[in-house]
Amino acid sequence: MSKIDFDAELNAAVRAVREAALVCQSVQSNLVTAATLEKKDRSPVTVADFASQALICSSLLEHSSIHAVVGEEDAAELREAGAEATRDKVIEHVRNIRGAAISPDQALDWIDVGGVTPDGSLERYWTLDPIDGTKGFLRGEQYAIALGLIEGGRVVAGVLGCPNLVGPDGRLGCLLSAAKGQGATVRPLDASGEDGIKPIRVSNITSTSAARFCESVEAAHSDQSQSAQIAAALGISEEPVRVDSQAKYAIVAQGEAQIYLRLPTRTDYREKIWDHAAGLIVVEEAGGRVTDVRGHDLDFGHGRQLENNSGVIATNGPIHDIVLAAVAKFVDVD
Ligand code: AMP
Ligand code: MG
């Protein structure tokens, strides 16, 4: 198999994620209102999620040489009777970008491009979370568009679009990208070409008492009482930074926090590959470390889930082993 042309693939991924992220940003600012919040109406995120996957898959088909996409969504739900209103809105967003001539079937087929379940025979593929942090999206807070490239069970490249994270120019919206051995960068979400790209580095602290840690807003996604015990044991006095989505990896990669704890709340839950691929490579290439709660590398070679891992610990690197030792005291890692 030929080698990956990382420059070409990253360009394709950046282009795809940026386009989808700008659509999500406009849906969030136009459709997420006090009324939808009050009603717990999920329709804005449903529409943006499907439109994002359709746009990214169609962009990868055109600009990437890798056409296998393991996405969070498929179009089955949109093809059902009763889903017409949602389907029409998704198609409207896709047509706004790809042109009025796009047929409904074409838009749904693009979503289904992401329906791949990888087996051992698939050497490389993209993995996509079209909107990671749907709850954050609905609250008008953090979410991310996450696209990672897997080869041989390892993440080799990734792009994170974070529409509500402040970028290097001080404006809302940034895009982080990384490829194996090439470092990680951030740029304004709406910048085109090479405009405004800056290298990023994790924090260089070596003492955990100076660390800030981040975790999920949702208590169901990470055990917040265990993380409080771990933070106390590490001498951390600051409150955790709670944000939705892989924006947590972006925060660690840019040195604004040093630890991301994702502590299992259930023994039977397996993390999804699209929830971690892009974030992991961005943190690693910014100089940090990512493992599971046992200190094992995340193994992306087992289908749609991280079958052999439990939880996630990301740090700036120098403090990783100290954090793992504290985790082992409070979390049942066997
Ligand atoms: P976050 O915004 O970091 O809380 O993560 C959002 C992601 O959590 C979603 O994309 C889900 O795939 C994932 N998720 C759902 N249930 C769980 C769970 N029980 N434990 C960990 N992650 C979960
Ligand atoms: Mg997700």
Side-chain angles (χ1 to χ4, degrees), residues 17 20-21 24 28 32 42 45-46 48-53 56 69-74 111 114-115 117 126-148 150 155 158-165 176 213-227 240-253 256-257 259-283 290-294 298 300 302-314 327 331-333:
V17 168
C24 294
Q28 193 193 43
V32 176
R42 288 188 57 84
V45 76
T46 306
D49 207 21
F50 285 118
S52 172
Q53 180 152 327
I56 290 175
V69 185
V70 181
E72 181 170 22
E73 308 300 339
D74 66 58
I111 295 169
T117 293
W126 296 103
T127 184
L128 169 66
D129 196 338
I131 294 189
D132 180 37
T134 50
K135 297 211 165 107
F137 182 94
L138 287 169
R139 283 193 233 97
E141 296 171 4
Q142 294 298 333
Y143 63 99
I145 292 79
L147 182 61
I150 313 288
V155 189
V159 172
L160 265 186
C162 299
N164 283 339
L165 215 55
L176 297 91
F213 84 94
C214 48
E215 64 182 355
S216 287
V217 175
E218 298 299 319
H221 296 172
S222 184
D223 191 317
Q224 297 179 345
S225 58
Q226 283 178 341
S227 66
V241 184
R242 288 195 176 139
V243 293
D244 299 285
S245 85
Q246 286 169 71
K248 291 184 279 297
Y249 284 105
I251 289 168
V252 172
E256 287 148 20
I259 305 171
Y260 164 20
L261 297 175
R262 192 175 190 88
L263 308 175
T265 56
R266 294 168 19 196
T267 49
D268 61 341
Y269 185 78
R270 291 292 170 272
E271 299 289 339
K272 308 296 178 273
I273 60 169
W274 50 81
D275 280 334
H276 300 285
L280 172 139
I281 191 83
V282 165
V283 164
V290 183
T291 65
D292 70 2
V293 291
R294 301 184 190 104
L298 302 189
F300 289 80
H302 297 275
R304 295 169 72 83
Q305 308 194 123
L306 298 172
E307 294 295 347
N308 296 340
N309 295 108
S310 176
V312 176
I313 310 291
V327 167
V331 177
D332 185 8
V333 294

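All ligand and atom numbering here is 1-based and tracks the order in the structure.
In terms of N/O distances under 3.5 Å, ligand 1 is approached by D275. The shortest N or O to N or O distance between E72 and ligand 1 is not under 3.5 Å. Taking distance alone, with nitrogen or oxygen atoms compared against 3.5 Å, W274 stays at or beyond that limit from ligand 1.
Ranking protein heavy atoms by distance to atom 13 (C) of ligand 1, first place goes to Y269 OH, 3.4 Å. With respect to atom 19 (N) of ligand 1, the closest heavy atom belonging to the protein is A220 O, 3.3 Å. Remark: minimum distance from atom 2 (O) of ligand 1 to any protein heavy atom is reached at S245 N, 2.6 Å. The protein heavy atom nearest to atom 1 (P) of ligand 1 is S216 OG, 3.5 Å. With hydrogens left out, the protein atom closest to atom 3 (O) of ligand 1 is K248 NZ, 2.6 Å, a heavy atom.
Taking each heavy atom of L160 and A144 in turn, the nearest pair found is CD2-CB, 4.2 Å. G161 and P163 get closest at one heavy-atom pair: O-CD, 3.4 Å. Residues C214 and V252 come closest through the heavy atom pair SG-CG2, 4.0 Å.
The side-chain contact (heavy atoms from CB on, under 4.5 Å) test with W274 is passed by exactly one of V69, V70, L128: V70.
Considering each of K135, E215, E218, R262, the one bringing a non-hydrogen atom nearest atom 5 (O) of ligand 1 is R262.
Using modelled atom types, one finds no donor on one side chain facing an acceptor on the other under 3.5 Å when comparing D74 with Q53. Between the side chains of S227 and E215, at least one donor N or O lies within less than 3.5 Å of an accepting N or O. Remark: the Q246 side chain and the H276 side chain contain no N/O donor-acceptor pair separated by less than 3.5 Å.
Near D244, the atoms of ligand 1 lying under 4.0 angstrom from a non-hydrogen atom of the residue are 2 (O).
Rounding to the nearest 10°, we obtain 90° for the angle at the Mg ion (ligand 2) between D275 OD1 and D129 OD2.
Here D244 pairs with R139 in a salt bridge; the nearest charged N to carboxylate O distance falls below 4.0 Å. Using a 4.0 Å cut-off between charged side-chain N and carboxylate O, K135 and E141 make no salt bridge.
Note on ligand 1: E271 sits in its first shell, one or more heavy atoms being nearer than 4.0 Å.
Nearest N, O or S atom of D132 to the Mg ion (ligand 2): atom OD1.
When non-hydrogen atoms are compared, ligand 1 lies under 4.0 Å from the side chain of D132 (C-beta onward) but not from its backbone.
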